[in-house]
Trainee: 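Below are the structure tokens for one structure; questions will follow.
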Amino acid sequence: MPSPLIEFQNVSFTYGGEEGEPVPAVRELSFAVPRGEFVAVLGHNGSGKSTAAKLCNGLLLPTEGKVLVDGLDTADEAQLFDIRRRVGIVFQNPDNQIIAAIIEDDVAFGPENLNVPPAEIRTRVDEALKAVGMFEHRLAEPHKLSGGQKQRVAIAGILAMRNDAIVFDEATAMLDPRGRREVMDAVLRLNREQGITVLFITHFMEEAVLADRVLVMDEGRLLLDGTPQAVFAQQNALRAAGLELPIPALFAQKLRAHFPALPEDILTEEDCARAIFRLFAQKGGNAQ
Amino acid sequence: MSSVIECDKLCFRYPNTAKTAPPALEQVKLTVERGELLAIIGHTGSGKSTLVQQLNALLKPTQGTVFVDGKNIWENKKTVREARFLVGLCFQYPEYQLFEETVEKDIAFGPKNMGLEADEIKRRVCRAAELVGLDKLLLKKSPFDLSGGEKRRAAIAGVMAMEPQVIVFDEPTAGLDPRGKEHILQMLLRCRAETKRTILLISHNMEDVARLADRVLVMHQGKAAMHGTVEQIFARAEELTEMGLTVPCVTRIFLALRRMGLAVPPGIFTLEQGLRELLRLAAESGCAL
């Protein structure tokens, strides 16, 4: 059986506080992400999500336990280069991640550092920009782009390194609805068409329902792990972790008190509309 | 006169922009009633932020007038200064603007600049901290030792301590987790109930708009494209969608139902309305539930 692309084995991480006070951020965390999976990570601020993200490619090293990327231990400094070629991170603030004056130079920065030959860099940069729908902006200046466009450029920068996995650390938090949709569409496409493994940390429940699998973190621990249907069925646990149901699920729940025939596993707007329609179409049929 | 803000034929063009480029604001007419909560929606670049900066004289209109509390704010230097205190602006990510040694000093910065007495400043700091739900113990701390949500509330308290008649919140919940968002929304509701102040809320979150606002102003390409009650605005969901705006989730579900051929009205924007509507439909189609 192939090894998972990212694996946490009983990982704990404690920040050394300023006054020597240790602050545990991640506790005994174990999970494995197989190649090609789209995993959403939910949890309130301070639940350890961002720390977990930084543990994925050795930006932080576990205080206890092990993080393996494609079988390579992130604590082994000799492997870090190979680890970061596999797993890249897109951060929250679109303005902090672009360093070059022209978009295509920024995307080329990674492969240049990997000593990729120039002709190959050209191919990779073009492909990466096309994959996120930013090719026509390749000669633009970063400050002229919207937040969603900047985040897509950051994604292209990782794609140009031919990474296997991308970790998104609340990459949509600072975007407007249009920017969020652009980024989400790009991420879904990369996952489905190119098999890029995705670990998507977010506060938006409607984004999490699009994943194959949802992890919920609370107080540095893994609280829930399952399909979106299974996780969002655990309403009480979610509420205790400071999270809420996606609105279509909340609406369906409210309706179910009066329309018991409505199915239990409604998560998206489409699910909800279709289920309501079916309910009335059937009723209409019965009434005739 | 009950309106606290009145703008007429407001035009604004940022200096050094190409003559051919459209102005940032074009012929905006706006009336804000005293005590109302007006949501301002529109996608990035539609003129929302430019508009609110006209209201407290941070930007000077190229044409048109702004009346706050019955006075033309550009009449003289005194009216300009007054406008800054009458209308408080709480920018996006206001926590980036915290700078003082302690939370208390940071909140006191505004009232101090207004030239108030020490006792009055103290009263206002306490009141503002209470309104935003900041624990008194936090007042002596450095703002940089607070959590993200607390920092945001401390920064908002700094604007509230000036006790302006109108407070403008630009995306006050952006970037917060569900709990942090709920805190801020509750704070807005409390501030409104207790102080009867006028609130302008710039938001991309239509669920929040549906839940909190009395009326909605839709900005589009520098113009006031729509202005009306929440019901009136969300009944025009199709037009909003064409402008690239979102509508509340329930509104989208009902739009989909209409497309499928179910006889439901437009302008459904809360879960409660949605439920009521479906119950009505069930009763009408004459079938037992």
Side-chain angles (χ1 to χ4, degrees), chain A residues 18 42-47 49 92-93 146-148 170 173-181 202-206 238-239 241-244 246-248 250-255 257-262 268-288, chain B residues 41-46 48 92-93 145 147-150 171 173-183 203-207 244-264 268 270-272 274-279 281-282 284-289:
Chain A
E18 298 254 321
L42 297 173
H44 63 80
N45 285 341
S47 62
K49 304 183 307 294
Q92 189 184 94
N93 193 332
S146 71
E170 290 184 38
M174 296 177 81
L175 305 181
D176 65 10
R178 186 184 281 186
R180 276 172 51 203
R181 210 164 34 234
T202 182
H203 285 315
F204 296 106
M205 305 301 143
E206 68 269 28
L238 286 171
R239 198 160 278 160
L243 301 175
E244 55 203 13
I247 294 166
L250 210 59
F251 187 46
Q253 192 184 51
K254 219 178 174 59
L255 293 178
H258 303 270
F259 303 92
L262 219 53
T268 65
E269 286 164 23
E270 294 77 54
D271 292 347
C272 191
R274 260 197 303 267
I276 295 172
F277 182 73
R278 262 199 305 273
L279 200 69
F280 280 93
Q282 276 167 15
K283 280 191 185 299
N286 291 342
Q288 275 165 11
Chain B
I41 64 176
H43 63 73
T44 311
S46 62
K48 305 185 299 287
Q92 262 186 58
Y93 299 97
D145 288 340
S147 75
E150 287 166 348
E171 287 278 334
T173 62
L176 297 179
D177 67 3
R179 209 178 266 172
K181 275 187 186 156
E182 191 54 34
H183 256 297
S203 182
H204 286 306
N205 187 322
M206 298 302 155
E207 320 300 330
L245 290 172
T246 53
V247 290
C249 181
V250 179
T251 312
R252 284 197 298 270
I253 292 172
F254 274 79
L255 274 181
L257 289 174
R258 274 163 72 86
R259 274 196 302 271
M260 292 172 177
L262 218 55
V264 288
I268 303 290
T270 66
L271 303 188
E272 290 70 27
L275 171 62
R276 250 191 326 247
E277 209 41 61
L278 292 179
L279 286 173
L281 194 65
E284 251 174 36
S285 60
C287 45
L289 295 177

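Computed from a predicted structure; not experimentally measured.
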Trainee: Considering residues at least two apart in sequence or located in another chain, which fulfil the ring pair (Phe, Tyr, Trp, His ring centres under 6.0 Å) criterion with A:F277?
Mentor: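 With sequence neighbours excluded, A:F277 shows a ring pair (Phe, Tyr, Trp, His ring centres under 6.0 Å) to no residue whatsoever.
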
Trainee: Using heavy-atom distances under 4.5 Å, tell me whether B:E182 contacts chain A through its side chain, its backbone, both, or neither.
Mentor: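 When you check distances to chain A, no heavy atom of B:E182 falls under 4.5 Å.
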
Trainee: At what distance, to the nearest 0.5 angstrom, does CD1 of B:I253 lie from CD of A:E270?
Mentor: 9.0 Å

Trainee: When you compare the side chain of B:P178 with that of A:H44, does any pair of heavy atoms fall below 4.5 Å?
Mentor: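 No, every pair of side-chain atoms sits at 4.5 Å or beyond.
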
Trainee: Would you give the length of the straight line joining atom CD1 of A:I247 to atom CZ of B:R252, rounded to the nearest 0.5 angstrom?
Mentor: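 Between A:I247 CD1 and B:R252 CZ, I get 8.0 Å after rounding to 0.5 Å.
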
Trainee: Return the minimal non-hydrogen interatomic distance between A:F251 and B:L271, and the atom names on each side.
Mentor: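 Where A:F251 meets B:L271 most closely, the heavy atoms are CE1-O, 3.4 Å.
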
Trainee: Would you compute the distance between atom NE2 of A:H203 and atom CZ of B:R179 and round it to the nearest 0.5 angstrom?
Mentor: 11.5 Å

Trainee: Side-chain contact, heavy-atom cut-off 4.5 Å: A:L279 with B:L278?
Mentor: no

Trainee: Non-hydrogen atoms of chain B under 4.5 Å away: do they reach the side chain of A:A252, the backbone, both or neither?
Mentor: neither

Trainee: Which atoms of A:R274 are under 4.5 Å from chain B, going by heavy atoms: the side chain, the backbone, both sets, or neither?
Mentor: both

Trainee: Rounded at 0.5 Å granularity, tell me how far CG in B:L279 sits from NE2 in A:H258.
Mentor: 5.5 Å

Trainee: Taking all atoms of both residues into account, what is the closest heavy-atom pair of A:F259 and B:A282, and its distance?
Mentor: CE2-CB, 4.0 Å

Trainee: Would you please name every residue forming a side chain to side chain contact (heavy atoms under 4.5 Å, CB included) with A:P177, sequence neighbours left out?
Mentor: B:H204, B:T246

Trainee: Say whether, by atom type as modelled, one donor and one acceptor occur between the side chain of B:D177 and the main chain of A:N45 under 3.5 angstrom.
Mentor: yes

Trainee: In terms of heavy-atom pairs under 4.5 Å, which option from A:Q92, A:M205, A:K254 contacts chain B the most?
Mentor: A:K254

